[in-house]
Structures are given as C-alpha cells and as structure tokens.
Amino acid sequence: MVGAVVIVGLPEVLRTVQEYRGLFFALLLIAIVLLRPQGVWPYRPRRLRLPARPGPAPEPAAARDTVLEVDGLTRRFGGVTAVDGLALRADASQVVSVIGPNGAGKTTAFNCVTGMIAPSAGTVVLAGRDVRGLPRTGSPPPASRARSRASGCSRR
C-alpha cells in the first residue's frame, strides 16, 4: 500500500520538476534500501504460533527398501545416443532428482524408465520386478490406432 502511494502520488508532487524525476526516484530507492533493508512496512510477527513438533526419526539406510533401480540404461535414436549408461537408485521415502543442461537426455531417460519408450539397453527394476519390456497400459483404443496409421502417424 505504501509503495502504491509513493508510485502514484510522487509523480504528481514532482510534476513541476519533470526533468529531475528519474534522479529523485533513484535516490529514494537507494535511501529505502539503505535505511529500511527489511522493507518499508514494519514487520509484525504473528501472535499465534503453533509449537514445532519434532518429526519421526529417519530410518537407517540399511533398513530402507529399494523401490526403483535403473542400471546401464541406454537409448539410441539411429546414430544419436540420447542416454548412455544411466544408473539410478531410489529407496522408499527418498526423493531423487536428475539434473542437467537442455538436451542432456533427462526426458528421454524418464520416458525409458516409465515405459513410454523402450530403452536400447539396461534394466529397470521397480519394487523388485523387472519392468523393462512390459506392455504399456492405457494404450489408445483400436479406432484411434487405425486413424493414426492411416494418417502416417505412429504413437509408439
């Protein structure tokens, strides 16, 4: 609210010195940053705060079950290798991330792990069961498959 008043009201006040308006705004901004680094409006802490309760202790690493294990995952598209030898392990209640620059093969690796596209090599084990090569669920009905073949498009 204070910022809106300054932004809307200050130009009206400074209308007589139009050529110095940018300089005045810059000096005002510098003064606010130096004098009030926590902000223009004063901070008021909440009056009602619930006490923090400690969460359950994490399980030892040996007691966790491996939910997902990927080993040597490779996907080639002709002469281009999109994913080469990916190894990944995710235990129960563990968050795993795959990071990398654009074009590094993160989406291709995800699609291979989820079964959207078949990997060229490697294994994908989900809850102790090898899921590489299992038929996809949720495939399109026969009519839409026939339409996609007729149009020259393939969903696989």
Side-chain angles (χ1 to χ4, degrees), residues 1-8 10 25-26 28-156:
M1 173 90 174
V2 174
V5 170
V6 169
I7 295 297
V8 172
L10 208 52
F25 273 120
L28 180 65
L29 180 63
I30 291 170
I32 288 173
V33 168
L34 291 175
L35 299 175
R36 297 286 301 183
Q38 70 276 15
V40 177
W41 198 259
Y43 172 72
R44 293 187 309 174
R46 292 183 184 179
R47 294 181 187 185
L48 175 65
R49 287 192 182 233
L50 299 175
R53 295 182 184 163
E59 297 176 22
R64 293 183 180 166
D65 293 329
T66 300
V67 175
L68 175 67
E69 190 166 1
V70 178
D71 190 34
L73 189 75
T74 302
R75 175 61 183 174
R76 292 182 188 89
F77 296 100
V80 177
T81 302
V83 180
D84 189 19
L86 174 70
L88 178 87
R89 179 180 169 172
D91 294 332
S93 72
Q94 183 181 28
V95 177
V96 177
S97 63
V98 178
I99 59 173
N102 292 344
K106 300 177 298 291
T107 303
T108 303
F110 180 78
N111 287 338
C112 287
V113 168
T114 59
M116 291 300 292
I117 57 176
S120 303
T123 60
V124 179
V125 178
L126 179 66
R129 180 177 172 204
D130 189 2
V131 295
R132 183 174 177 250
L134 290 179
R136 285 182 26 201
T137 59
S139 60
S144 66
R145 268 189 257 152
R147 258 186 276 127
S148 65
R149 283 190 202 119
S151 66
C153 298
S154 176
R155 295 188 74 177
R156 291 186 185 184

Task: CG on Leu34 to CG on Leu29, rounded to 0.5 Å - done: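 It comes to 9.5 Å.
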
Task: Atom pair CG/NZ of Leu86 and Lys106 - distance to nearest 0.5 Å - done: 12.5 Å

Any side-chain heavy-atom pair of [X] and [Y] under 4.5 Å:
X	Y	result
Val113	Val131	no
Thr74	Val83	no
Leu126	Val67	yes

Minimum-distance pair of heavy atoms, taken over all atoms of [X] and [Y]:
X	Y	answer
Thr108	Ala82	CG2-CB, 3.9 Å
Arg89	Val96	O-CG2, 3.7 Å
Arg75	Cys112	CB-SG, 3.8 Å

Open item on the list: Under the rule for side-chain contact (heavy atoms from CB on, under 4.5 Å), what residues qualify as partners of Thr107, not counting sequence neighbours?
Closed with: Asn111

